[in-house]
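Shown next, in structure tokens, is the structure this report addresses.
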Amino acid sequence: MSVTPQDVEKVALLARLTISESELPEVTERFSRVLNLVDELNTIDTADIVPMSNPHDMEQRLRPDQVTRGNNREALMASAPSQEQGYFLVPKVID
Amino acid sequence: MADTQLLTAPVSELRQLLSDRAISSVELTRAFLRQIELCNPLLNAVVTICEDHALKQAALADKQLATGEIAPLTGVPLLHKDIFCTHGIRTTCGSRMLAEFTPAYDATVVSKLQSAGAVTLGKCNMDEFAMGSSNETSFFGTVKNPWDLNCVPGGSSGGSAAAVAAGMAPLATGTDTGGSIRQPASLCGITGLKPTYGRVSRLGIIAFASSLDQAGPMARTAEDCALGLTVMAGVDGGDSTSADKPVPDFHGALSTDIQGLRIGLPKQFFNDDLDDQVRARVLEALAELERAGATLVEIDLPHSHYAIATYYVIAPAEASANLARYDGVRFGYRCDDPKDLEDLYLRSRSEGFGEEVQRRILVGTYALSAGFYDAYFNKAQQVRRVITEDFHRAFEQVDVIAGPSAPGVAFPFGAKQQDPIAMYMEDIYTLAVNLAGLPGLSTPAGFINGMPVGLQLIGRPFDEQTILNAAHRLQTDTDWHQSHPSLGDLAS
Amino acid sequence: MNWEIVMGLEVHLQLATQSKIFSGSSTQFGASPNEQADAVDLGMPGMLPVLNEEAVRYAVKFGLGIGARIGERSVFDRKNYFYPDLPKGYQVSQFFAPIVCEGIFEVPLEDGTLFPIRITRAHLEEDAGKSVHDIFTHETGIDLNRAGTPLLEIVTEPDFRSADQAVAYLKTLHSLVTYLGISDGNMAEGSMRCDINISLRKKGSETLGTRTEIKNVNSFRFVERAIYSEYERQADILENGGTITQETRLYDAEQNVTRSMRSKEVANDYRYFPEPDLLPIVIDEAYIEAVRATLPELPGAKRQRFIESYGLNDYDAALLVPHHDMADYFEAVVKACDAAKPAANWILGDLSGALNRNEVSISESPITAERLAGLITRIEDGTLSSKLAKQVFDAMWDGEGDADDIIAARGLRQVNDSGALEAMVDEVIANSPDQVAQYRAADEAKRKKLSGFFVGQIMKASQGQANPQILNALLLKKLNDQS
């Protein structure tokens, strides 16, 4: 399966990555190579096989509804790139 | 005890020395810290050295040793792959994105090892976000293989493997998503174990591919790995995917009796693609096991050639979502002067992540995107089940499955950078094991031109004991695991 | 206009659990920013979700409450997109296999009929945090206290054909979830948020038009207005031969218009895939039955019972049932005084009036059910005339005691004694010969009017305490007797 640079750019936007004009051809080429590798999957028939998310087909455990965490804001926000008055800050978003 | 002997002694021996009070934990810790100081400038295996923290822990351990309160690893120094969050200690995941990140919490594995008395020497270099098989993608530079400084140590737990091989620590933690413990262990001539998926908690381990990641011990012997696993393993209420299975005393139950052990050799692992010399080393190792009472059986894993395609859809897909949280908002790298929100995202991520990480995010995003989900992601999950069933069927006939850990020995830097696929092929023998969630280890199996080769042993789900026993028996009958590079050559 | 409006509603309901759906942080409203956001809520490296059992129970309760099929094996999925109040860069939701599957929800309309709405599904998901745009000049502040609060997203088929139906649905839903105790359903506080999918089509057409989505409308009134204004907007475009753009819009209450959401312009491909950090939720019959056993009497059943057991009419029942506190209050009153219709009247009339004026809820009412029952009993047994009852009610509200206390303190006992009343009638007749003559000379119709004069006089003389029924009978007898 080959992809065009435009396809790559669309995917990059979904993933919030930028690819410079100069890098785009090589990125596209290497990306295509990986896709060629995975296209191998088309050669096997898997009709009726249940997809496997977890290797042991386990079931979800439940936790009791209890508050077990208090305020740890200071420690957790210590690595925040930008904060004020307890808020994380980002450039203004207009809705 | 002479320095080199001490630095290359297995944990089991060091424990004895500590409990005999022949050496103190502080002395032992200093010895390894010194070795790190000497060799790390050349090898670059350690990203963060925790001297003060280590010595404090060692002093505490000595107090406990004095009163006889001995936990399984009291006073034993170790290194953590820099993917394990360590409270108050920088955790970089080999990435610019987390170059300044200091977690406010410990990974469960870290807590467990600490409770068992281990002393944390520092954090090991690794491929960025665990994506790689050569430790060449790290933001903190490449790691050199102590056996040949022109060669890679393997990856992604390259720093951990190199450090143990170079005597910087007797034990290191690693993680394995597609082979990242086993392949570097093989390339560096040490023993490395990837437990069954769910055996060890993933809480606090920076996630790469959630349904494949597993943490495990890397050390000089199978016995040490058994000890490490016993401490690291156990269900964790904070990790929904950790299995509620009792943890055997792997170390206590370690045995050299492998009479009647049926070892399956997949014909797909031993086909014409396998390098002749690697084949020879692996078969020699298997011959040893045969001499010890095991029987070798040819088995068929008919869909194993799909493993690489399957893995390179599932792992990048899960990773693309796991890495979406790195957006410059709450922690981690943020670009300078973001103009608006989109600029913040685009530049923080493009500047914070390296090329291989970005490539895998793109592949993963693509595989999940509208129109492709069925053909790629869903399909891969189906093939995953098919591959897994091949293993389960094989385990009806055999107890252990064996083969090479890697297609070759350590390769020179840059040798596999041209084509991403060439690098991906390094894990050709290990990937399927993660897809099936099985336990697997690599144990030293001779040398080719002086460079280590690894034998991979794969077990039934939750049957780490059997593969540990087999490796332990091999290590009893051979001495490949006792070889180490000349440590003097590593000092700068 | 020959346009038919077709709507489907998506309601996001905050479940009233103590802790969040995937972490042990508190869900309490009103904390300072980020004080109720732990490492899991913040999406810090290495953090993993663990599922809250109460959220599961609440979801199943809801499913049983609407008679829906419960998904025996439901799965969480990641919904991937970037937004600063979404810490992980994905929302954990349920896409492929929800916990509650299809059901029918019967909505009582104002005309008394039941309108069946098809519920497509209801699924569990986590709430996002809050973006605050008006505190900082050049920045948006992110507060993740709300991130991880459990939500139940309830999706209907496009069965709505009018704003009234939509509002009725929301009110009935509110009633159901408060009865079930799974949510306080408070739209103003954001614990029940409504997204409306609207499209128009020519009357009689079978195909659906292009729809727009109006997000996060947070009051019944705004829902109504938003629907009207979007209808106008779309009808206008279609009338002029234009086409509707499929997009997300917000309702601007001040301007009473809907606006396109700029931030959602970038087309989103959510790339749903099963959440690998969580495993399927497996629910068996035993669990379902155990939850079923904890269900309270639901509004529909209670409404029926009120009509049948208490002889209430549809109208009164429809007003008493939606808020279970009121329904319980009503039953407590009736239990104590055994007069259902008067109880309904007092509660829906004077009591509701007083509660609304004073902005007090019925559970905080200064007049307890027992005391209201006491008042009603005194009216029913003739001790208190209905004219004076209001005075007693007001005195009770002001804390002057129970009905008996007030009647005694103010001497309000109704005069029921025929002898005493007869004496009063005689007196008035004796003192008003002209009016008596007028009365006796008048015809039937005029007599009715004129008798009011005498009644008024006696009421004044007795300070309103004359029993009106006995008085009337005696008065008429005396007046008519001598004609």
Side-chain angles (χ1 to χ4, degrees), chain A residues 3-4 6-19 31 34-35 38 41 46 48-95, chain C residues 17-19 23-28 31-42 44 50-57 73 75-76 80-84 89 131-133 135-144 250 261-264 266 268-269 271 273-276 278-282:
Chain A
V3 282
T4 64
Q6 288 70 37
D7 292 331
V8 173
E9 281 182 318
K10 260 201 297 216
V11 175
L13 180 59
L14 277 179
R16 296 302 187 275
L17 294 171
T18 44
I19 306 171
F31 184 75
V34 180
L35 289 187
V38 305
L41 294 175
T46 53
D48 300 332
I49 306 276
V50 176
M52 174 178 260
S53 262
N54 171 279
H56 310 305
D57 290 330
M58 283 165 58
E59 289 165 15
Q60 179 63 32
R61 286 191 291 264
L62 299 175
R63 138 185 89 82
D65 182 25
Q66 279 160 17
V67 175
T68 55
R69 290 265 184 255
N71 173 17
N72 196 18
R73 183 170 85 183
E74 208 181 305
L76 292 172
M77 288 186 77
S79 311
S82 178
Q83 61 172 300
E84 203 175 306
Q85 296 175 46
Y87 291 92
F88 291 100
L89 295 182
V90 297
K92 198 142 192 121
V93 180
I94 311 155
D95 240 335
Chain C
T17 56
Q18 301 291 324
S19 63
S23 79
S25 300
S26 167
T27 54
Q28 198 118 38
S32 282
N34 293 306
E35 281 190 352
Q36 276 172 200
D38 76 352
V40 173
D41 305 326
L42 293 179
M44 310 274 315
V50 189
L51 182 58
N52 183 333
E53 68 179 7
E54 197 78 330
V56 175
R57 187 172 308 121
R73 192 183 175 83
V75 172
F76 284 104
N80 301 280
Y81 64 97
F82 284 88
Y83 202 68
S131 298
V132 169
H133 307 292
I135 297 184
F136 307 100
T137 333
H138 302 295
E139 282 114 348
T140 289
I142 308 294
D143 172 13
L144 294 170
L250 278 178
M261 275 183 88
R262 265 183 283 168
S263 64
K264 301 257 173 175
V266 178
N268 263 316
D269 175 0
R271 290 159 278 135
F273 72 99
E275 165 63 85
L278 291 168
L279 301 162
I281 311 170
V282 174

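Note that the structure is a prediction, hence the values are computed from the model and not measured. Chain letters run A, B, ... following the sequence lines, proteins first, then strands; residues in each count from 1.
- For C/V40, no part lies under 4.5 angstrom from a heavy atom of chain A.
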>> Working note: A/V93 + C/H133, criterion side-chain contact (heavy atoms from CB on, under 4.5 Å); need CA distance, chi angles, decisive distance, verdict.
In response: CA-CA 7 Å; A/V93 180; C/H133 307 292; 3.9 Å; yes
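- Heavy atoms closer than 4.5 Å to chain A are found in both the backbone and the side chain of C/T17.
- By the neighbour-count criterion of 12 heavy atoms within 6.0 Å, atom CZ of A/R61 is densely surrounded, having more than that number from other residues, nucleotides or ligands.
- Contacts between A/A15 and chain C at a heavy-atom distance below 4.5 Å involve the backbone alone (N, CA, C, O).
- With a 4.5 angstrom heavy-atom cutoff, C/V282 touches chain A only via side-chain atoms.
- When each of C/L144, C/D38, C/N52, C/V75 is checked for heavy-atom pairs under 4.5 Å with chain A, C/N52 comes out on top.
- Proximity of C/T140 to A/Y87: side-chain heavy atoms (C-beta onward) are nowhere separated by under 4.5 Å.
- One side chain, A/R63 or C/S19, offers a donor N or O that lies under 3.5 Å from an acceptor on the other.
- Considering CG of C/N34 and CD of A/Q85, their distance stands at 12.5 Å, rounded to 0.5 Å.
- Proximity to chain A is limited to the backbone of C/A37, based on heavy atoms less than 4.5 angstrom apart.
- Heavy-atom distances place both the backbone and the side chain of C/Q18 under 4.5 Å from chain A.
- Residue C/P280 touches chain A through both its backbone and its side chain, counting heavy-atom pairs closer than 4.5 Å.
- For A/E59, the parts sitting under 4.5 Å from any heavy atom of chain C are the backbone and the side chain alike.
- Considering CD of A/Q60 and CD of C/E53, their distance stands at 12.0 Å, rounded to 0.5 Å.
- Rounded to the nearest 0.5 Å, atoms OG1 (C/T27) and CD (C/Q36) are 7.5 Å apart.
- Of the residues listed (C/S32, C/P33, C/S131), the one engaging C/D143 in a side-chain contact (heavy atoms from CB on, under 4.5 Å) is C/P33, and it is the only one.
- Atom NZ of A/K92 has more than 12 neighbouring heavy atoms from other residues, nucleotides or ligands inside a 6.0 Å radius.
- Heavy atoms of C/R57 lying under 4.5 Å from chain A are absent altogether.
- Heavy atoms closer than 4.5 Å to chain A are found in the backbone of C/T137, but not in its side chain.
- Using a 4.5 Å cut-off between heavy atoms, C/L278 contacts chain A through both its backbone and its side chain.
- No other option in A/E74, A/Q83, A/M77, A/M58 has as many heavy-atom pairs under 4.5 Å with chain C as A/M58.
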